[in-house]
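Please read these numbers as outputs of a predicted model, since none were measured by experiment.
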Amino acid sequence: MHKLLKAICFAAILYIAYEFIYYAFFDTNVKSFQPYAKVADNFVIILLALSFLQEKIDDFKEQKWDNFRLNIVILVFFTFNTLIFLPINFIVNENSGVKFYFWAGNSILLLLFYSYLIGKIWKNGKQNKLQEK
């Protein structure tokens with residue numbers, strides 16, 4: 001992994017830990033909460049997925065597309081999740097009902113992502129059982 005990517009990941013981990021500790025213990029005012037840490041961790045996951053793609057494309061030894069498909073699904077999910085959570089940071093304390101459309105979109109996206117992951121795990125487990133027999 002590239003040194004700059006490691007530094008960004010470390011900085012994001014520190015920021016996420018700071019956000020958690022600050023809002024959990026020091027600032028208990030609910031109105032001041034802004035979930036920027038969610039965007040930070042999504043951004044780091046996107047960077048890691050892009051780094052994985054770059055490594056695999058540079059090596060060009062990957063014969064199975066399963067790793068690429070899973071990585072692309074992770075990349076797309078966290079990109080859309082970041083796009084959903086960016087406006088939430090600005091409208092979470094507003095009195096409008098628009099934020100509920102974002103939450104509904106996020107719920108549908110989560111359902112699709114976890115359904116894909118469950119399907120992949122189920123398929124992988126089924127293949128391992130068949131190979132053991």
Is Ile84 reachable from Leu112 through a run of hydrophobic residues whose side-chain heavy atoms are each under 4.5 Å from the next?
no
If Ile, Leu, Val, Met, Phe, Trp and Tyr residues are connected whenever their side-chain heavy atoms lie under 4.5 Å apart, and connections chain through other members, are Ile13 and Ile46 in the same group?
no
Grab the two heavy atoms, one from Phe78 and one from Ile45, that are nearest each other, plus how far apart they are.
CD1-CG2, 3.5 Å
Scanning both residues in full, the closest heavy-atom pair of Ile8 with Leu47 reads CG2-CD1, 3.7 Å
Verify the neighbour count for atom CZ of Phe113: are there more than 12 heavy atoms of other residues, nucleotides or ligands below 6.0 Å?
yes
Separation of Asn71 CG from Leu48 CG (nearest 0.5 Å)
9.5 Å
Roughly how far, to the nearest 0.5 Å, is the CG atom of Leu75 from the CZ atom of Phe68?
12.5 Å
Under a side-chain separation threshold of 4.5 Å, the hydrophobic residues clustered together with Leu14 are Phe10
OG of Ser115 to CG of Leu110, rounded to nearest 0.5 Å, is 10.0 Å
With hydrophobic residues grouped by side-chain heavy-atom distances under 4.5 Å, do Trp103 and Tyr101 end up in a single group?
no
Give me the other members of the hydrophobic cluster that Ile121 sits in, counting Ile, Leu, Val, Met, Phe, Trp and Tyr linked by side-chain heavy atoms under 4.5 Å, directly or via other members.
none
Taking all non-hydrogen atoms of both residues into account, name the closest pair between Val44 and Ala12 and its distance.
CG2-CB, 3.0 Å
In this structure, CD1 of Ile108 is separated from CZ of Phe80 (nearest 0.5 Å) by 13.0 Å
In one Ile/Leu/Val/Met/Phe/Trp/Tyr side-chain cluster, 4.5 Å: Ile118, Tyr116
no
Among Thr79, Ile74, Asn81, the one residue meeting side chain to side chain contact (heavy atoms under 4.5 Å, CB included) with Phe77:
Asn81
